[in-house]
Structure formats: structure tokens, C-alpha cells
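A short write-up of the structure that comes next.
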Amino acid sequence: MVDLQFHEAANIFPLIDGEEFDLFVEDIRVNGQRESIKLLDGLILDGRNRYRACLLAGREPRFEKVATEDPVAYVLSLNLHRRQLTPSQSSMCAARAREIYERQ
């Protein structure tokens with residue numbers, strides 16, 4: 001299996017854990033990976049939970065290379081409206097995105 005690192009922009013959003021993650025692993029075990037994991041410069045930009053779930057389910061992860069000049073905007077666009085975040089999680093995501101932009 002491939003051992004990949006996460007892009008810093010991927011870490012804007014919290015990882016799924018607990019029962020929700022266990023159910024996701026089981027779904028991938030039974031149904032396979034439905035959405036590819038997005039790579040930018042060899043790092044996981046989107047799909048950290050899919051990657052982790054594939055490894056635990058014993059499934060070979062499927063990847064797709066992407067190109068973007070703004071990885072933060074890419075991650076926000078893909079995740080902001082599909083994830084069910086609490087207000088505090090949303091605030092944390094905004095702060096993390098801002099930190100990355102400030103370092104750039």
C-alpha cells in the first residue's frame with residue numbers, strides 16, 4: 001500500500017472519527033471507494049478520510065492528480081458545504097485557512 005502525507009491545506013478540516021468513521025470504513029470495505037483521492041505534488045489534498053478508510057478496509061486507494069494554484073480555495077470549495085460542521089469547527093477551519101494564507 002502507498003504511504004502518503006497530507007497537504008497542509010487538507011488539514012483545514014477535521015478528520016472524521018468514532019462511529020461515523022467506522023461506518024465509513026465498513027462502507028468502503030463492502031462497496032469500494034467511490035470517489036478518488038486528490039493529490040497535489042504527491043500529497044493528499046482531498047480525501048484524507050477516504051485514504052485512511054481504504055487502508056483500514058484493506059482496499060487499494062484510487063488517486064487522481066489535480067492542479068491548482070490555490071490549494072486552500074480548492075479544499076474549501078470541495079468541503080465547506082458537504083461537511084456537517086459545528087459552528088466551532090467552521091471557525092477553526094476559517095482560522096486554519098487564514099494561517100496558511102498569512103504564511104504565503
Side-chain angles (χ1 to χ4, degrees):
M1 289 259 178
V2 181
D3 184 26
L4 295 173
Q5 299 298 310
F6 303 145
H7 190 284
E8 71 173 336
N11 294 323
I12 290 171
F13 287 86
L15 288 167
I16 299 170
D17 61 4
E19 183 179 354
E20 183 180 7
F21 184 68
D22 294 341
L23 291 170
F24 189 45
V25 171
E26 184 59 24
D27 183 70
I28 286 183
R29 185 184 334 276
V30 171
N31 299 304
Q33 177 187 349
R34 300 200 185 271
E35 186 70 30
S36 64
I37 297 162
K38 311 302 190 243
L39 298 178
L40 178 65
D41 301 326
L43 301 172
I44 296 175
L45 182 60
D46 181 66
R48 296 172 308 151
N49 293 304
R50 278 171 293 211
Y51 177 71
R52 294 170 46 236
C54 284
L55 296 180
L56 287 173
R59 294 284 195 140
E60 188 69 32
R62 190 177 72 254
F63 303 98
E64 174 185 346
K65 293 179 182 178
V66 297
T68 179
E69 292 185 25
D70 189 344
V72 171
Y74 184 92
V75 168
L76 290 173
S77 176
L78 286 178
N79 290 282
L80 199 55
H81 299 291
R82 79 174 180 194
R83 299 283 301 266
Q84 291 82 38
L85 301 174
T86 65
S88 65
Q89 287 174 317
S90 293
S91 295
M92 178 193 63
C93 292
R96 288 178 178 170
R98 182 179 177 173
E99 287 174 13
I100 293 171
Y101 279 132
E102 287 176 349
R103 281 197 308 272
Q104 294 174 354

Is there any salt bridge (Lys or Arg N to Asp or Glu O under 4.0 Å) pair reaching into [range], and which pairs are they, with sequence neighbours excluded?
range           : answer
residues 62-78  : Lys38-Glu64
residues 39-50  : Asp46-Arg50, Asp46-Arg82
residues 93-104 : Glu8-Arg103, Arg98-Glu102

Exercise. Would you say the side-chain atoms of Tyr74 pair up with the backbone N or O of Leu45, donor to acceptor, closer than 3.5 Å?
Worked result: no

Exercise. Are any side-chain N or O atoms of Ser77 and backbone N or O atoms of Ala73, one a donor and one an acceptor, separated by less than 3.5 Å?
Worked result: no

Seminar exercise, completed: side-chain contact (heavy atoms from CB on, under 4.5 Å) test vs Pro71 passes for just one of Leu40, Ile12, Val66, namely Leu40

Is it the case that one hydrophobic cluster holds both [X] and [Y], taking links as side-chain heavy atoms less than 4.5 Å apart, direct or via other members?
X     : Y      : result
Leu78 : Ile100 : yes
Leu55 : Leu23  : no
Leu43 : Val75  : no
Phe13 : Met92  : no

For this session: Quick one: do Val25 and Arg29 satisfy side-chain contact (heavy atoms from CB on, under 4.5 Å)? Show the steps, please.
Result: CA-CA 6 Å; Val25 171; Arg29 185 184 334 276; 3.6 Å; yes

Problem set entry | Worked verdict on Leu15 versus Phe21 for side-chain contact (heavy atoms from CB on, under 4.5 Å) | CA-CA 9 Å; Leu15 288 167; Phe21 184 68; over 6 Å; no

For this session: Mind listing the closest non-hydrogen atom pair of Phe63 and Leu4 along with its distance?
Result: CE2-CD1, 3.5 Å

Exercise. What orientation do Tyr51 and Phe6 show, parallel under 30°, tilted 30 to 60°, or perpendicular over 60°?
Worked result: perpendicular

For this session: Output the distance between atom CD (Gln5) and atom CG (Asp3), rounded to the nearest 0.5 Å.
Result: 6.0 Å

Exercise. Would you find more than 12 non-hydrogen atoms of other residues, nucleotides or ligands less than 6.0 Å from Gln84 atom CD?
Worked result: no

For this session: Taking the side chain as every heavy atom from C-beta outward, state whether Leu80 and Cys93 have any pair of such atoms under 4.5 Å apart.
Result: no

